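All remarks here apply to the structure that follows.
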Amino acid sequence: MLVTGAAGRIGRAVLALLDSRGIGATALVLDDPGDLAASRVVVGSAGDPSVVADALAGVDAVVHLAARPAPTSGTPFEVFAENTRATFTVLECAGAAGVRRAVIASSYGANGLPWAREFLPPAYLPVDEALPSPVEDPYGLSKQTDELTAAMMARRHGLTVVAVRYPFVGGVEERLAAHARAVTDDPARGVRELWSYLDVRDAALVALSALGVDDGRAHVVLVAAPETLVPVPTSELLRRYLPDVEVRRPLPGRSVPVDTSAARRLFGFVAQFPFEARYPFEDGSGPAAG
């Protein structure tokens, strides 16, 4: 198996999961940190066809995670061009090499909500893969383009590609706890992402589970933990911050307003590592009034 962007947050978690299952992996990275749980490390750009062809030797599946992860991760030209070139290169080379299963990291940001200069509320809740996207940033556009590339590669090569729209991802100690505290103290900070998240261990499980799909088609799926990071009922959050948005089905308790049913139908997605949002926090702090 080939894992691109293997030194990143999700990439390392994927390698660790593969290693725990005794599955060898080739890691493609821009720089070798020297501590990757991979049987082989290839150094170079995921946008370079010769590097990717080398990395694909002996590979039967691909998890493509290499990307600039935000519109602020470079110039607009770098973010859009490098992300889309890498995805096109990896999938084209994989298909030409006879690989038939791939998972690529798309993003919740493909819907245009997180990075808009002026926040435009979603057309309805819970959001799903069909939500109209008023994207205006190069990162979100690159992920939309990646999803279109995946669809083309499925037609071109018979390659099954699952594009996973990941939300905010992190480990508990690494950044989830801090992020939970921030959006609990000020829930307005979580509106653009609808207070959604996914533990990095679940992000890795998603990638491997999605590789079980083998139908020669392209799919786009949203994933997220089933509850929000904020220890406040979702109905209250929506009343306070998105009062005019149509809610198409009940969202009891802290239900995340993100529809993950497509991922559940396609490969049985169920988050295994929910973050336990608590109020008050151990130090007595909690959500700000509003």
Side-chain angles (χ1 to χ4, degrees), residues 69-73 106-144 164-170 172 174-200 202-203 220-263 271 274-281 285-290:
T72 54
S73 299
S106 185
S107 170
Y108 170 86
N111 63 29
L113 298 176
W115 303 103
R117 287 168 294 179
E118 182 175 347
F119 176 63
L120 180 67
Y124 55 81
L125 294 169
V127 298
D128 58 20
E129 295 81 5
L131 183 78
S133 175
V135 68
E136 59 181 70
D137 69 274
Y139 175 75
L141 182 61
S142 77
K143 293 305 177 181
Q144 287 186 356
V164 180
R165 289 188 175 182
Y166 283 111
F168 181 95
V169 171
V172 174
E174 177 228 357
R175 66 175 189 164
L176 267 187
H179 184 58
R181 184 184 297 273
V183 298
T184 295
D185 287 344
D186 181 10
R189 296 179 61 173
V191 173
R192 289 171 178 254
E193 295 179 339
L194 300 176
W195 309 278
S196 63
Y197 76 97
L198 194 66
D199 188 288
V200 70
D202 276 320
V220 177
V221 297
L222 281 158
V223 294
E227 295 186 326
T228 71
L229 273 176
V230 183
V232 174
T234 300
S235 59
E236 174 63 15
L237 292 172
L238 300 185
R239 183 190 67 79
R240 289 163 60 183
Y241 299 106
L242 296 169
D244 299 322
V245 176
E246 175 191 0
V247 179
R248 293 186 170 181
R249 64 171 170 81
L251 294 165
R254 290 174 36 232
S255 296
V256 68
V258 176
D259 187 347
T260 62
S261 61
F275 179 81
E276 295 300 323
R278 296 186 302 273
Y279 173 66
F281 287 109
S285 64

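None of these values were measured; they are calculated from a predicted model. Positions are given from 1 along the sequence. Every heavy atom of this structure was used, including side-chain atoms; hydrogens, water molecules and symmetry mates were not.
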Next item on the list: Go through the side-chain N and O atoms of Gln144 and Ser133 and say whether any donor and acceptor fall under 3.5 Å apart.
Entry: yes
Checklist line | Distance in Å, Leu194 CG paired with Leu237 CG, rounded so as to fall on 0.5 Å steps | finding: 10.0 Å
Item checked: Ser235: partners by side-chain contact (heavy atoms from CB on, under 4.5 Å), with sequence neighbours left out -> Pro233
Next item on the list: Would you mind listing every side chain to side chain donor-acceptor pair (under 3.5 Å) that reaches into residues 187-198, with sequence neighbours excluded?
Entry: none
Item checked: Test side-chain contact (heavy atoms from CB on, under 4.5 Å) applied to Pro167 and Val258, Thr260, Val223, the passing residue -> Val223
Next item on the list: Taking all non-hydrogen atoms of both residues into account, name the closest pair between Arg175 and Val169 and its distance.
Entry: NH2-O, 2.6 Å
Margin query: Within the structure provided, determine whether Trp115 and Pro71 are in side-chain contact (heavy-atom separation under 4.5 Å).
Written below: yes
Check: Can any side-chain N or O of Arg254 pair as donor or acceptor with the backbone N or O of Val232 at less than 3.5 Å?
Finding: no
Note to self: Using side-chain contact (heavy atoms from CB on, under 4.5 Å), reason through Val245 and Leu238 one step at a time and then give a plain yes or no.
What the structure shows: CA-CA 8 Å; Val245 176; Leu238 300 185; over 6 Å; no
Note to self: As an exercise, state the distance from OG1 of Thr234 to CZ of Arg239, rounded to the nearest 0.5 Å.
What the structure shows: 13.5 Å
Note to self: Going by side chain to side chain donor-acceptor pair (under 3.5 Å), name the residues that satisfy it together with Ser73, two or more places apart in sequence or in a different chain.
What the structure shows: none
Checklist line | Contacts of type salt bridge (Lys or Arg N to Asp or Glu O under 4.0 Å), residue Asp128, not counting sequence neighbours | finding: none
Checklist line | Rounded distance (nearest 0.5 Å) linking atom CG of Asp199 with atom CD of Glu174 | finding: 9.5 Å
Check: Who are the side-chain contact (heavy atoms from CB on, under 4.5 Å) partners of Thr72, not counting sequence neighbours?
Finding: Ala70
Checklist line | Euclidean distance, Leu198 CG relative to Leu176 CG, rounded to 0.5 Å | finding: 8.5 Å
Next item on the list: Could you grab the distance from atom CG of Leu229 to atom CZ of Phe275, nearest 0.5 Å is fine?
Entry: 6.5 Å
Donor-acceptor pairs under 3.5 Å, side chain of residues 134-142 to any protein atom, not counting sequence neighbours: which ones?
residue : atom : partner : partner atom : Å
Glu136  : OE2  : Arg117  : N            : 3.0
Glu136  : OE2  : Arg117  : NE           : 2.8
Asp137  : OD2  : Tyr139  : N            : 3.1
Asp137  : OD2  : Gly140  : N            : 2.6
Ser142  : OG   : Asn83   : ND2          : 3.3
Ser142  : OG   : Tyr139  : O            : 2.6

Item checked: Least distance between heavy atoms, Pro121 atom then Leu113 atom -> C-CD2, 4.5 Å
Check: Short question: side chain of Arg240, backbone of Ala188 - any donor-acceptor pair under 3.5 Å?
Finding: no
Item checked: Qualifying residues under side chain to side chain donor-acceptor pair (under 3.5 Å), relative to Glu129, sequence neighbours excluded -> none
Notebook entry, point to check: Who are the ring-ring contact (aromatic ring centres under 6.0 Å, His included) partners of Phe168, not counting sequence neighbours?
Noted result: His179
Check: What heavy-atom pair brings Ser255 and Thr228 nearest, and what distance separates the two atoms?
Finding: O-CG2, 3.9 Å
Next item on the list: Determine, stepwise, if the pair Val127 / Asp259 fulfils side-chain contact (heavy atoms from CB on, under 4.5 Å).
Entry: CA-CA 6 Å; Val127 298; Asp259 187 347; over 6 Å; no
Next item on the list: Rounded to the nearest 0.5 Å, what's the gap from OG on Ser106 to NZ on Lys143? Could you check?
Entry: 6.0 Å
Item checked: Test salt bridge (Lys or Arg N to Asp or Glu O under 4.0 Å) applied to Glu246 - qualifying residues, sequence neighbours left out -> Arg248
Margin query: Checking Pro226 now: which residues fulfil side-chain contact (heavy atoms from CB on, under 4.5 Å) with it, not counting sequence neighbours?
Written below: Ala271
Notebook entry, point to check: What closest approach, in Å, do Ala130 and Tyr124 show between heavy atoms, and which atom pair accounts for it?
Noted result: C-OH, 3.5 Å
Notebook entry, point to check: Between Asn111 and Tyr108, is there a donor-acceptor pair closer than 3.5 Å when you use the side chain of the first and the backbone of the second?
Noted result: yes
Check: Can you list the steps and then say if Val191 with Leu242 is a side-chain contact (heavy atoms from CB on, under 4.5 Å)?
Finding: CA-CA 8 Å; Val191 173; Leu242 296 169; 4.0 Å; yes
